[in-house]
Amino acid sequence: MLSSIGRASVRRVVTRGPQSTNRALQSIWQSQLADNHQNADNASTPSPFSFSVQRSYATATKVAAKPKASKTTPTKTSTKKVTKKVVKPVKKPTKKKVVAKKPVKKPVKRVKSEKTLARIEAAKRGASLTALKAAALTSPKTKPSTAWRVILAEGAKSGMNASSTFRDSASKYKSLSPAELESYNHIATKNAADNQAALKEWVESYTPDQIRLANNARRALRLLSKNGKRVKSLPAIEDERLPKRPANGWALYTGHRWASGDFKGIKLSDAAKLMKKDWEALPASERQAYQDRGEADKQRYAKEFRAAFNRDPESAVQD
């Protein structure tokens, strides 16, 4: 049974109406605690009033509305395609097999025969001869410059062989009258003048240096012809633009003595010995005069050389 205090608390609860859940529970707990102190023997059995209190409390308090379950929309997880990088296996460097080098055979030097050496030497001479002929330049063709050559050229046009042409031309030349010979001489003189004009024009078509080198090549060809080689000897090309080489004091003295006529009929070797003695016997003043003339001629040559070749004489290439 409830005590007076418990009953009073219950009445307050019922009369006041619904209370907050925490305060109602606190009041009930206090009333039950008071009953437990008074009726310790009835503590094990539940009180019928406690049930009614619970019922009155249950009806008095508002039933709290259950919270509506919020519909959770499943969030779409964006599934990005992850491209996995394919890691290629690293190849281990393969060790190169060391191949043993084959021994290189040294070339065997072949001994050339005498015939092979002679053929090589002839080829070198032929190449040198070809180069000399190319450097010597080919002069323009000339017209017959004598009456005999004019008649011989006319006979060559007849179509006969060389021996018949030469025989008939010789008989014709011997039988010429003075008037006919004069006519042929006139043709030859005119041809000579044409040859000189053509040669001058041909020479001036080359530089002085090219003419100088051509004369050097022609000189070398003449030396080959003297040594028994079948080489056509070519004369030196006359070029007025080429400077005349200088003469020293000794050359000027010998030229003066040759022009005097004192050595006519004397061999060249004997004349040279005599002039050598005379040169040494000359007074110093006279000898110095020839040497001064030689120095002046050297200066003249240097000046003309620069005008022709655009360089000093010391830089000229001597072949």
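Just so you know, these numbers come straight off a predicted model, no measurement behind them. When reading the values below, keep in mind they use all heavy atoms of this one structure, side chains included, and skip hydrogens, waters and symmetry mates. Numbers here are sequence positions counted from 1.
Residues Ala136 and Ala217 share a closest heavy-atom pair of N-CB, 3.8 Å. Between Pro208 and Leu242, the closest heavy-atom pair is O-CD2, 3.4 Å. Across all their heavy atoms, Ile237 and Ala214 have their closest contact at CD1-CB, 4.0 Å. Nearest heavy-atom pair across Ala236 and Arg222 is N-NH1, 3.8 Å. The minimum heavy-atom distance linking Pro313 with Ala302 is given by the pair CG-CA, 3.8 Å. Here the closest non-hydrogen pair linking Leu137 and Ile211 is CD1-CD1, 4.3 Å.
Partners of Glu182 according to the salt bridge (charged side-chain N to carboxylate O under 4.0 Å, His left out) rule, which considers only residues two or more places apart in sequence or in another chain, do not exist here. A search for side-chain hydrogen bond (donor to acceptor under 3.5 Å, both in side chains) contacts involving Ser269 returns nothing, not counting sequence neighbours. For the salt bridge (charged side-chain N to carboxylate O under 4.0 Å, His left out) test, residues two or more places apart in sequence or in another chain that qualify with Arg257 are Asp262, Asp278. Shown here are the side chain to side chain contact (heavy atoms under 4.5 Å, CB included) partners of Lys200, two or more places apart in sequence or in another chain: Glu204. With sequence neighbours excluded, the residues forming a ring pair (Phe, Tyr, Trp, His ring centres under 6.0 Å) with Trp279 are Trp250, Tyr253, listed by chain and number. Taking Asn310 as the reference, nothing meets the side-chain hydrogen bond (donor to acceptor under 3.5 Å, both in side chains) condition, with sequence neighbours excluded. By the salt bridge (charged side-chain N to carboxylate O under 4.0 Å, His left out) test, Arg306 is found to be paired with Asp312, residues two or more places apart in sequence or in another chain being considered. Shown here are the ring pair (Phe, Tyr, Trp, His ring centres under 6.0 Å) partners of Tyr206, two or more places apart in sequence or in another chain: Trp202. Partners of Leu252 under the side chain to side chain contact (heavy atoms under 4.5 Å, CB included) rule, at least two apart in sequence or in another chain, are Ala247, Tyr290, Arg293. Under the rule for a ring pair (Phe, Tyr, Trp, His ring centres under 6.0 Å), Trp258 has no partner lying at least two apart in sequence or in another chain.
Side chain to side chain, Asn161 and Ser164 meet the donor-acceptor criterion of an N or O pair below 3.5 Å. No side-chain donor from either of Arg212 and Asn215 sits under 3.5 Å from a side-chain acceptor of the other.
In this structure, Leu199 CG and Asp239 CG are separated by 9.5 Å, a value rounded to the nearest 0.5 Å. Annotation: the span from Met275 atom CE to Ile266 atom CD1 amounts to 9.0 Å, rounded to 0.5 Å. Considering CD of Glu201 and OG of Ser205, their distance stands at 8.0 Å, rounded to 0.5 Å. Note that the OH atom of Tyr301 and the NZ atom of Lys244 stand 13.0 Å from one another [nearest 0.5 Å].
Looking only at distances, a side-chain donor or acceptor of Gln210 sits under 3.5 Å from a matching main-chain atom of Thr207. Between the side chain of Arg218 and the main chain of Pro235, a donor-acceptor pair closer than 3.5 Å is present. Side chain of Asn195 to main chain of Asn191: a donor-acceptor pair is present (N/O by atom type, distance under 3.5 Å, no hydrogens or angles). A donor-acceptor pair under 3.5 Å links the side-chain atoms of Arg241 to the main chain of Val203, judged by distance alone.
No more than 12 heavy atoms of other residues, nucleotides or ligands lie within 6.0 Å of CD in Glu238, so this atom counts as exposed by the packing criterion.
Residue pairs meeting the salt bridge (charged side-chain N to carboxylate O under 4.0 Å, His left out) criterion with at least one member in residues 142-157, sequence neighbours excluded: Lys143-Asp194, Glu154-Lys172. Applying the ring-ring contact (aromatic ring centres under 6.0 Å, His included) definition to pairs two or more places apart or across chains, those involving residues 161-180 are Trp148-Phe166, Trp148-Tyr173.
With contacts defined as side-chain heavy-atom distances shorter than 4.5 Å, the pair Pro144/Leu152 does not qualify.
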For this session: Go through the steps for Lys273 and Lys276 under the test side-chain contact (heavy atoms from CB on, under 4.5 Å), then give the verdict.
Result: CA-CA 5 Å; Lys273 291 178 182 179; Lys276 182 69 174 176; 5.6 Å; no
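Taking a cutoff of 4.0 Å between a charged side-chain nitrogen and a carboxylate oxygen, Asp209 and Arg311 qualify as a salt bridge.
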